[in-house]
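Structure, as structure tokens:
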Amino acid sequence: ADEANHYATVRAYLETLDGGPVELSPHLRRQLDAVVACSDPVEKFLRLHLTIENVTTALFRRFGASGRDQVLSKLTAYYMRDESRHLTFCQLYLPELVANSSAKDLERWRRAWQESCNAMSSFLCDHRDDLLAFDIELDDLLCEVREMEHELAAVSPVLAAVVTTDSTSH
């Protein structure tokens, strides 16, 4: 519910600035559809909390720091509190969920996580010019996301097997 509210609020605000509808990226739509369709709680955690929320946390931090728009800066500060809470929840409970998993499950989750990373990278690449309007360099943003992934991988050895931190993940 939080994510839908965040998206709807930012979308409405951006539409008032641009004077027209803001379309949902097909890459982000594919990612959100995969989250909704997923029945496996670990995969849902990976797709939503460790990918979408990781990227949005980095984006919100950068939007807020840009100071380009006071309303957006205030919105992103509020959203970052929610995202941090969600990421902490995931960091606390995901290692427990994957602790006794089979190699087959770990591989399936790793593939889902990488697919999710690729979708989010494509989403960001599609919006490179929009990011530059806020002085956000895509490569710097992706580096920040990778650093956050390294922190997540350090939470548990089993989680490190799923959240690969090599340069091919984004």
Side-chain angles (χ1 to χ4, degrees), residues 1-36 38 44-92 94 112-155 159 163-170:
D2 284 344
E3 306 315 317
N5 289 335
H6 296 172
Y7 173 75
T9 303
V10 170
R11 181 180 178 174
Y13 179 66
L14 292 175
E15 286 176 351
T16 62
L17 292 178
D18 290 341
V22 174
E23 297 300 321
L24 184 62
S25 157
H27 301 292
L28 186 54
R29 166 59 63 201
R30 185 175 73 239
Q31 179 65 4
L32 293 171
D33 288 346
V35 169
V36 171
C38 178
K44 197 172 286 274
F45 267 126
L46 291 169
R47 288 183 180 278
L48 180 61
H49 296 293
L50 294 189
T51 310
I52 294 174
E53 290 187 350
N54 232 10
V55 169
T56 55
T57 297
L59 271 173
F60 290 159
R61 184 178 300 116
R62 301 253 174 164
F63 280 136
S66 77
R68 292 282 178 148
D69 185 290
Q70 293 303 311
V71 173
L72 196 55
S73 290
K74 287 180 182 179
L75 283 174
T76 58
Y78 169 76
Y79 294 160
M80 284 201 41
R81 285 192 301 270
D82 282 345
E83 301 307 330
S84 295
R85 184 172 37 91
H86 299 162
L87 287 171
T88 300
F89 175 79
C90 191
Q91 287 173 336
L92 291 173
L94 189 58
W113 182 78
Q114 286 182 328
E115 176 186 299
S116 195
C117 287
N118 291 337
M120 292 307 291
S121 291
S122 295
F123 162 71
L124 293 171
C125 286
D126 286 351
H127 294 282
R128 182 184 298 264
D129 292 339
D130 299 324
L131 296 172
L132 283 173
F134 287 89
D135 296 326
I136 299 171
E137 293 285 339
L138 179 60
D139 291 339
D140 293 343
L141 178 63
L142 290 175
C143 282
E144 182 177 345
V145 171
R146 275 191 218 86
E147 287 172 17
M148 293 167 74
E149 291 164 359
H150 282 280
E151 292 171 14
L152 292 169
V155 171
L159 192 53
V163 181
T164 57
T165 56
D166 61 23
S167 60
T168 62
S169 64
H170 286 282

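On a predicted model such as this, the values are computed, not experimentally measured, just so you know. Sequence positions, counted from 1, serve as the residue numbers for this chain.
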Identify the heavy atoms of [X] and [Y] that sit nearest to each other, and give their distance.
X    : Y   : result
H127 : S25 : NE2-CB, 3.9 Å
L46  : T51 : O-OG1, 2.8 Å
D69  : V71 : OD1-N, 3.1 Å
S73  : F63 : OG-O, 3.9 Å

message = Evaluate C117 against E149 for side chain to side chain contact (heavy atoms under 4.5 Å, CB included), listing each step before the verdict.
response = CA-CA 11 Å; C117 287; E149 291 164 359; 4.0 Å; yes
Measuring from [X]:[atom1] to [Y]:[atom2], what's the distance to the nearest 0.5 Å?
X    : Y    : atom1 : atom2 : answer
D130 : R128 : CG    : CZ    : 11.5 Å
L48  : C38  : CG    : SG    : 10.0 Å
N54  : E144 : CG    : CD    : 9.0 Å

query = Under a 4.5 Å cut-off applied to non-hydrogen side-chain atoms, are L28 and D126 in contact?
reply =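 Sidechains of D126 and L28: no contact.
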query = Quick one: are L59 and T76 in side-chain contact, heavy atoms under 4.5 Å?
reply =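 With C-beta onward as the side chain, the pair stays apart.
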message = For the backbone of A112 and the side chain of S116, can you confirm whether one donor and one acceptor N or O come within less than 3.5 Å of each other?
response =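 Such a contact is absent between S116 side chain and A112 backbone.
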Residues 133-142, side-chain donor-acceptor partners within the protein, below 3.5 Å, at least two apart:
from	atom 1	to	atom 2	distance (Å)
D135	OD1	R68	NH2	2.9
D135	OD2	R68	NE	3.2
D135	OD2	R68	NH2	2.5

Non-neighbouring partners of V36 that pass side chain to side chain contact (heavy atoms under 4.5 Å, CB included), sequence neighbours left out =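 For V36 there are no side chain to side chain contact (heavy atoms under 4.5 Å, CB included) partners, ignoring immediate neighbours.
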ask   = In chain order, what residues pass the side chain to side chain contact (heavy atoms under 4.5 Å, CB included) check against K74, with sequence neighbours excluded?
value =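 K74: no side chain to side chain contact (heavy atoms under 4.5 Å, CB included) contacts found.
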message = For R30, give me all partners under salt bridge (Lys or Arg N to Asp or Glu O under 4.0 Å), at least two apart in sequence or on another chain.
response =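 Salt bridge (Lys or Arg N to Asp or Glu O under 4.0 Å) check on R30 returns nothing, list empty.
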ask   = Who are the salt bridge (Lys or Arg N to Asp or Glu O under 4.0 Å) partners of E115, not counting sequence neighbours?
value =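 Result, salt bridge (Lys or Arg N to Asp or Glu O under 4.0 Å) vs E115: R47.
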From C125, S122, S121, residue fulfilling side-chain contact (heavy atoms from CB on, under 4.5 Å) relative to H27 =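 Among C125, S122, S121, the one that satisfies the side-chain contact (heavy atoms from CB on, under 4.5 Å) with H27 is S122.
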ring-ring contact (aromatic ring centres under 6.0 Å, His included) involving Y79 - partner list, sequence neighbours excluded =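 Checked Y79 against ring-ring contact (aromatic ring centres under 6.0 Å, His included); matches are H6, F60.
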